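One structure is given below, encoded as structure tokens.
Because the structure is predicted, anything quoted here is derived from the model rather than measured. Numbers for residues simply follow the sequence, beginning at 1.
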Amino acid sequence: MEKVWTVKLENGASFEVRGAEELALKRGDRCVFRRDFYEDIGTVGAELAAPSMTSRIEDLPQILRVAGEAELAEADENRRKAKNDMAVVREWIEKLSLEMNPVNAHYSFDRKLLTVQFCADGRVDFRELVKELSHALSVRIELRQIGVRDETGIYGGIAVCGQVLCCCRFLKEFSSINVKMAKEQDLLLTPGTISGVCGRLKCCLKYEHEGYLELEKNMPRKGEFCETPSGRGRITDRNLLTSKVSVTFENGNVSVFHVSDITVCPPERHGGNQDKGGKNRQNNDRNRQPNQNKNNNGNAQGNKK
């Protein structure tokens, strides 16, 4: 019977693979597997109940064996060679004046394939680069463009929360994230607050977004007037997690209340400033009416003549 595992390469790429149950694989083991026309070596990750990328186990790369000491030593030699060959890659990128930043290079276990990952702002025509590198290194070349989030996941790091970066630990796909999510969570919209190590919006903004939307349904909005046990005031801040709001009164004092202790005022009862504004608008309308009548009378007389 065959089982399904995830295998992660040194360049950060991961695959779903299949292997015999008799291998008794566990997380952290190094194994040799065959994929397409080449063999590679990687680290075993989680065991899966079924393939997620295909409906048939037979279509997955197959684990051949657990890597031995000699094979691990050969993998280390491949790593050193790939690191040295990165100098050749950078040299040809500079010669061809390509707008791309190479991140890493990875040799397959049998050295039949060299995979180079790079970052770029847009699409890059690297056909000439592949041709020159294949000739210079005498190996089949595969260039793979990745994003800055993928690059950060490869290098790793510590987030502001003190944990290892999510993109390095468990994230396989990056969800679409926008500034609106941060607004709906009442976060400060400063780059240092909502941006991650990669410079993009934090992936964790997505994690609790739906929960914040549920909490927001029972919360008043900033700027609304409300009745409190201490009198009428305007809501100037709120905490969705604790269901508390900060209310500023006319004398400038600020108090914090639970949302159950306040009553939001209807729009027509929004304090004196709005009423004064409404009266001023009415007075302006009355002042404009005589002038309008005068202009209309003047036009009528002119037409009569």
Please indicate whether [X] has more than 12 foreign heavy atoms, meaning atoms of other residues, nucleotides or ligands, lying under 6.0 Å from its [atom1].
X: Arg65; atom1: CZ; result: yes
X: Asp121; atom1: CG; result: no
X: Arg169; atom1: CZ; result: yes
X: Lys131; atom1: NZ; result: no
X: Arg200; atom1: CZ; result: no
X: His258; atom1: NE2; result: yes

Non-hydrogen side-chain atoms of [X] and [Y] separated by less than 4.5 Å:
X: Leu9; Y: Phe15; result: yes
X: Leu96; Y: Phe126; result: no
X: Pro220; Y: Arg238; result: no
X: Gln62; Y: Glu2; result: yes
X: Asn101; Y: Glu151; result: yes
X: Tyr38; Y: Arg140; result: no
X: Leu133; Y: Val89; result: yes
X: Met219; Y: Ser243; result: yes

Checking side-chain contact (heavy atoms from CB on, under 4.5 Å) for the pair Tyr107/Asp85: CA distance, chi angles, key distance, verdict? CA-CA 10 Å; Tyr107 270 107; Asp85 289 346; 2.6 Å; yes
Quick check: does any side chain N or O of [X] sit under 3.5 Å from a backbone N or O of [Y], one acting as donor and the other as acceptor?
X: Glu94; Y: Glu91; value: no
X: Thr6; Y: Ala46; value: yes
X: Glu16; Y: Ala50; value: no
X: Asn78; Y: Phe109; value: yes
X: Asp29; Y: Val44; value: no
X: Ser108; Y: Leu113; value: yes
X: Lys183; Y: Leu189; value: no

Apply side-chain contact (heavy atoms from CB on, under 4.5 Å) to residues Leu201 and Val179 and explain how you reach the verdict. CA-CA 8 Å; Leu201 293 175; Val179 179; 4.2 Å; yes
Contact summary for Cys119 and Gly147, nearest pair of heavy atoms: SG-O, 3.9 Å
Minimum-distance pair of heavy atoms, taken over all atoms of Asp261 and Pro229: O-CD, 3.4 Å
Kindly work out whether a path of hydrophobic side-chain contacts (I/L/V/M/F/W/Y, heavy atoms less than 4.5 Å apart) joins [X] to [Y].
X: Ile146; Y: Leu143; value: no
X: Leu171; Y: Val148; value: no
X: Val245; Y: Tyr212; value: yes
X: Leu165; Y: Leu205; value: no
X: Leu25; Y: Val17; value: yes

Nearest 0.5 Å, please: how far is [atom2] in [Y] from [atom1] in [X]?
X: Ile262; Y: Thr228; atom1: CD1; atom2: OG1; value: 8.5 Å
X: Lys83; Y: Asn104; atom1: NZ; atom2: CG; value: 12.0 Å
X: Leu98; Y: Arg90; atom1: CG; atom2: CZ; value: 14.5 Å
X: Thr43; Y: Lys8; atom1: OG1; atom2: NZ; value: 9.0 Å
X: Glu216; Y: Arg221; atom1: CD; atom2: CZ; value: 6.5 Å
X: Arg18; Y: Lys3; atom1: CZ; atom2: NZ; value: 16.0 Å

When the ring planes of Tyr207 and Phe170 are compared, do they come out parallel, tilted or perpendicular, using 30° and 60° as the limits? tilted
Side chain to side chain donor-acceptor pair (under 3.5 Å) partner of Asp40, chosen from Lys112, His106, Arg35, Arg34: His106
Determine the sole option in Ile41, Val7, Leu60 for which the side-chain contact (heavy atoms from CB on, under 4.5 Å) test with Phe33 is passed. Val7
Evaluate Lys95 against Glu132 for salt bridge (charged side-chain N to carboxylate O under 4.0 Å, His left out), listing each step before the verdict. CA-CA 11 Å; Lys95 284 183 179 180; Glu132 296 295 344; over 6 Å; no
Applying side-chain contact (heavy atoms from CB on, under 4.5 Å) to Glu184 and His209, what does each step give before you reach the verdict? CA-CA 8 Å; Glu184 292 172 340; His209 181 233; 2.5 Å; yes
When you look at Arg30 and Glu74, which way does the salt bridge (charged side-chain N to carboxylate O under 4.0 Å, His left out) test go after all the steps? CA-CA 13 Å; Arg30 303 290 296 280; Glu74 188 174 349; over 6 Å; no
Residues Lys244, Phe257; criterion side-chain contact (heavy atoms from CB on, under 4.5 Å); working and verdict: CA-CA 6 Å; Lys244 293 183 178 181; Phe257 300 92; over 6 Å; no
